Amino acid sequence: TQQALHDSETSKQQLAKQISVDSLTGLANQRAFLNDIEESLSYAVRHGTELAILMVQVEKYKALFLRRGKQTAEDVLRRLAGLISESRRREDTVARFGMDSFGILLPSANLMGARRVAEQLHLAIKQQESNIGDATVSVNVTIAVSSPPVHAHINAAEILADVDEKLKTAQKAGGDRVQY
(Lines give C-alpha, C1' and ligand atoms only; values in the text may rest on other atoms or scores of the structure.)
Protein backbone atom coordinates (compact mmCIF):
# COMPACT_ATOMS: atom_id res chain seq x y z
CA THR A 1 0.00 0.00 0.00
CA GLN A 2 2.82 2.40 0.91
CA GLN A 3 4.59 1.66 -2.39
CA ALA A 4 1.38 2.17 -4.37
CA LEU A 5 0.79 5.46 -2.58
CA HIS A 6 4.36 6.58 -3.31
CA ASP A 7 4.04 5.58 -7.00
CA SER A 8 0.74 7.42 -7.24
CA GLU A 9 2.25 10.60 -5.78
CA THR A 10 5.24 10.36 -8.15
CA SER A 11 2.90 9.93 -11.14
CA LYS A 12 0.82 12.88 -9.97
CA GLN A 13 3.93 15.10 -9.75
CA GLN A 14 5.12 14.01 -13.20
CA LEU A 15 1.70 14.74 -14.69
CA ALA A 16 1.60 18.19 -13.07
CA LYS A 17 5.02 18.94 -14.55
CA GLN A 18 3.92 17.80 -18.02
CA ILE A 19 0.87 20.04 -17.86
CA SER A 20 2.94 23.14 -17.07
CA VAL A 21 6.08 22.62 -19.18
CA ASP A 22 6.60 23.23 -22.90
CA SER A 23 7.92 19.96 -24.32
CA LEU A 24 10.14 21.61 -26.96
CA THR A 25 12.00 24.12 -24.80
CA GLY A 26 11.61 22.80 -21.25
CA LEU A 27 10.34 26.23 -20.20
CA ALA A 28 7.00 26.93 -18.56
CA ASN A 29 4.10 26.87 -20.99
CA GLN A 30 1.45 29.52 -21.54
CA ARG A 31 -0.89 28.07 -18.90
CA ALA A 32 1.82 28.09 -16.22
CA PHE A 33 2.87 31.61 -17.26
CA LEU A 34 -0.67 32.94 -16.87
CA ASN A 35 -0.97 31.31 -13.44
CA ASP A 36 2.33 32.88 -12.37
CA ILE A 37 1.17 36.31 -13.56
CA GLU A 38 -1.98 36.03 -11.45
CA GLU A 39 0.01 34.94 -8.38
CA SER A 40 2.58 37.71 -8.86
CA LEU A 41 -0.16 40.31 -9.31
CA SER A 42 -1.82 39.17 -6.12
CA TYR A 43 1.50 39.42 -4.27
CA ALA A 44 2.27 42.84 -5.79
CA VAL A 45 -1.11 44.23 -4.76
CA ARG A 46 -0.80 42.86 -1.21
CA HIS A 47 2.75 44.08 -0.68
CA GLY A 48 2.77 47.24 -2.79
CA THR A 49 5.49 46.04 -5.14
CA GLU A 50 5.85 46.33 -8.89
CA LEU A 51 6.11 43.80 -11.65
CA ALA A 52 6.94 43.74 -15.33
CA ILE A 53 6.36 41.47 -18.28
CA LEU A 54 8.53 41.11 -21.36
CA MET A 55 7.24 39.50 -24.52
CA VAL A 56 9.93 38.29 -26.93
CA GLN A 57 8.74 37.76 -30.52
CA VAL A 58 11.03 35.90 -32.94
CA GLU A 59 11.14 37.81 -36.23
CA LYS A 60 10.31 35.92 -39.44
CA TYR A 61 9.99 32.58 -37.68
CA LYS A 62 7.52 31.21 -40.23
CA ALA A 63 9.91 32.03 -43.07
CA LEU A 64 12.73 30.27 -41.18
CA PHE A 65 10.47 27.26 -40.67
CA LEU A 66 9.53 27.13 -44.37
CA ARG A 67 13.04 27.76 -45.74
CA ARG A 68 15.16 25.74 -43.32
CA GLY A 69 12.68 23.19 -42.05
CA LYS A 70 11.08 22.17 -38.79
CA GLN A 71 14.25 20.79 -37.19
CA THR A 72 16.24 24.00 -37.75
CA ALA A 73 13.37 26.20 -36.56
CA GLU A 74 12.95 24.11 -33.41
CA ASP A 75 16.72 24.16 -32.76
CA VAL A 76 16.60 27.97 -32.95
CA LEU A 77 13.74 28.05 -30.42
CA ARG A 78 15.60 25.72 -28.04
CA ARG A 79 18.75 27.85 -28.23
CA LEU A 80 16.77 31.04 -27.69
CA ALA A 81 15.01 29.45 -24.71
CA GLY A 82 18.39 28.68 -23.17
CA LEU A 83 19.72 32.16 -23.85
CA ILE A 84 16.61 33.86 -22.46
CA SER A 85 16.47 31.79 -19.30
CA GLU A 86 20.16 31.54 -18.43
CA SER A 87 20.50 34.85 -16.60
CA ARG A 88 17.08 35.15 -14.99
CA ARG A 89 16.51 35.40 -11.28
CA ARG A 90 15.04 32.51 -9.35
CA GLU A 91 11.71 34.29 -8.91
CA ASP A 92 11.34 35.15 -12.63
CA THR A 93 9.24 33.00 -14.92
CA VAL A 94 10.36 32.36 -18.48
CA ALA A 95 7.81 30.66 -20.71
CA ARG A 96 7.20 29.75 -24.28
CA PHE A 97 4.08 31.78 -24.84
CA GLY A 98 3.27 30.95 -28.44
CA MET A 99 4.72 29.24 -31.47
CA ASP A 100 7.35 31.94 -31.93
CA SER A 101 7.22 33.96 -28.74
CA PHE A 102 8.44 33.85 -25.16
CA GLY A 103 7.17 35.61 -22.07
CA ILE A 104 9.26 36.73 -19.12
CA LEU A 105 7.62 37.66 -15.83
CA LEU A 106 9.75 39.87 -13.59
CA PRO A 107 8.20 40.16 -10.11
CA SER A 108 9.29 43.22 -8.11
CA ALA A 109 10.79 44.84 -11.22
CA ASN A 110 10.05 48.40 -12.26
CA LEU A 111 10.01 49.74 -15.82
CA MET A 112 13.63 50.88 -15.67
CA GLY A 113 14.90 47.48 -14.53
CA ALA A 114 12.71 45.61 -17.02
CA ARG A 115 13.89 47.88 -19.82
CA ARG A 116 17.51 47.17 -18.92
CA VAL A 117 16.83 43.41 -18.93
CA ALA A 118 15.10 43.69 -22.31
CA GLU A 119 17.91 45.72 -23.88
CA GLN A 120 20.60 43.34 -22.57
CA LEU A 121 18.64 40.35 -23.85
CA HIS A 122 18.07 41.98 -27.24
CA LEU A 123 21.79 42.67 -27.58
CA ALA A 124 22.74 39.14 -26.49
CA ILE A 125 20.38 37.62 -29.06
CA LYS A 126 21.65 39.92 -31.82
CA GLN A 127 25.21 38.85 -31.08
CA GLN A 128 24.31 35.18 -31.03
CA GLU A 129 24.58 33.28 -34.27
CA SER A 130 23.50 29.68 -34.29
CA ASN A 131 25.47 27.14 -36.28
CA ILE A 132 22.90 24.57 -37.20
CA GLY A 133 24.12 21.84 -39.46
CA ASP A 134 26.21 23.46 -42.17
CA ALA A 135 24.43 26.83 -41.99
CA THR A 136 24.67 29.88 -39.77
CA VAL A 137 21.32 31.23 -38.65
CA SER A 138 20.93 34.76 -37.33
CA VAL A 139 17.79 35.50 -35.36
CA ASN A 140 16.23 38.88 -34.68
CA VAL A 141 13.65 39.51 -32.00
CA THR A 142 11.32 42.27 -30.96
CA ILE A 143 10.86 42.67 -27.22
CA ALA A 144 7.94 44.51 -25.66
CA VAL A 145 8.06 45.64 -22.03
CA SER A 146 5.04 46.33 -19.83
CA SER A 147 5.19 47.53 -16.24
CA PRO A 148 1.78 48.98 -15.45
CA PRO A 149 0.85 50.58 -12.16
CA VAL A 150 -0.30 47.81 -9.83
CA HIS A 151 -3.72 48.30 -8.27
CA ALA A 152 -6.40 46.10 -6.72
CA HIS A 153 -8.41 45.65 -9.93
CA ILE A 154 -5.62 44.92 -12.39
CA ASN A 155 -5.56 41.49 -13.99
CA ALA A 156 -3.33 39.42 -16.24
CA ALA A 157 -5.46 40.12 -19.32
CA GLU A 158 -4.87 43.88 -18.99
CA ILE A 159 -1.11 43.48 -18.71
CA LEU A 160 -0.99 41.05 -21.62
CA ALA A 161 -3.10 43.42 -23.74
CA ASP A 162 -0.68 46.24 -22.93
CA VAL A 163 2.44 44.22 -23.80
CA ASP A 164 0.73 42.92 -26.96
CA GLU A 165 -0.06 46.47 -28.06
CA LYS A 166 3.57 47.48 -27.54
CA LEU A 167 4.70 44.46 -29.53
CA LYS A 168 2.41 45.39 -32.44
CA THR A 169 3.69 48.99 -32.35
CA ALA A 170 7.28 47.78 -32.50
CA GLN A 171 6.54 45.42 -35.37
CA LYS A 172 4.81 48.17 -37.35
CA ALA A 173 7.95 50.25 -36.88
CA GLY A 174 10.06 47.51 -38.46
CA GLY A 175 10.67 45.11 -35.57
CA ASP A 176 14.05 44.06 -34.20
CA ARG A 177 13.85 46.47 -31.26
CA VAL A 178 12.82 46.93 -27.65
CA GLN A 179 9.50 48.71 -27.14
CA TYR A 180 8.47 50.05 -23.72
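A quick note: this is a predicted structure, and the numbers were derived from the prediction, not measured.
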| field | Donor-acceptor under 3.5 Å (S101 side chain, F97 main chain) | value | no
Counting C-beta onward and ignoring hydrogens, is there a side-chain heavy-atom pair between [X] and [Y] closer than 4.5 Å?
X	Y	answer
L106	E91	no
R96	L77	yes
V163	V145	no
L167	Q171	yes
Q179	R177	yes
L34	L160	yes

Among the clusters formed by ILVMFWY side chains lying less than 4.5 Å apart, do [X] and [Y] turn up in the same one?
X	Y	result
V117	V141	yes
Y180	L123	no
F33	L121	no
M99	I84	yes
L105	V94	no

Search all heavy atoms of [X] against all heavy atoms of [Y] and return the closest pair with its distance.
X	Y	result
E158	H153	OE2-O, 3.3 Å
D75	R78	OD1-NH2, 2.7 Å
N110	S147	C-OG, 3.8 Å
P107	S40	CG-OG, 3.8 Å

Roughly how far, to the nearest 0.5 Å, is the [atom2] atom of [Y] from the [atom1] atom of [X]?
X	Y	atom1	atom2	answer
S20	L27	OG	CG	11.5 Å
S42	I154	OG	CD1	12.5 Å
D22	R31	CG	CZ	13.0 Å
S146	K166	OG	NZ	4.5 Å
Q30	I37	CD	CD1	9.0 Å
I143	Q120	CD1	CD	10.5 Å

| field | Counterpart residues, ring-ring contact (aromatic ring centres under 6.0 Å, His included), relative to F102 (two or more places apart) | value | none
| Who are the ring-ring contact (aromatic ring centres under 6.0 Å, His included) partners of H151, not counting sequence neighbours? | none
| said: Closer than 4.0 angstrom, basic N to acidic O: yes or no for K168 and D164? | reply: yes
| said: Starting from M112 and following side-chain heavy-atom contacts under 4.5 Å between hydrophobic residues (I, L, V, M, F, W, Y), which residues can be reached? | reply: none
For residues 48-66, dump all side-chain donor-acceptor pairs below 3.5 Å to protein atoms at least two apart in sequence or in another chain.
residue : atom : partner : partner atom : Å
Q57     : NE2  : D100    : OD1          : 2.9
Q57     : NE2  : D100    : OD2          : 2.9
E59     : OE2  : T142    : OG1          : 2.2

| task | Using the test salt bridge (Lys or Arg N to Asp or Glu O under 4.0 Å), find all partners of R67 that sit at least two apart in sequence or belong to another chain. | result | none
| Partner residues of E38 under the salt bridge (Lys or Arg N to Asp or Glu O under 4.0 Å) criterion, sequence neighbours left out | none
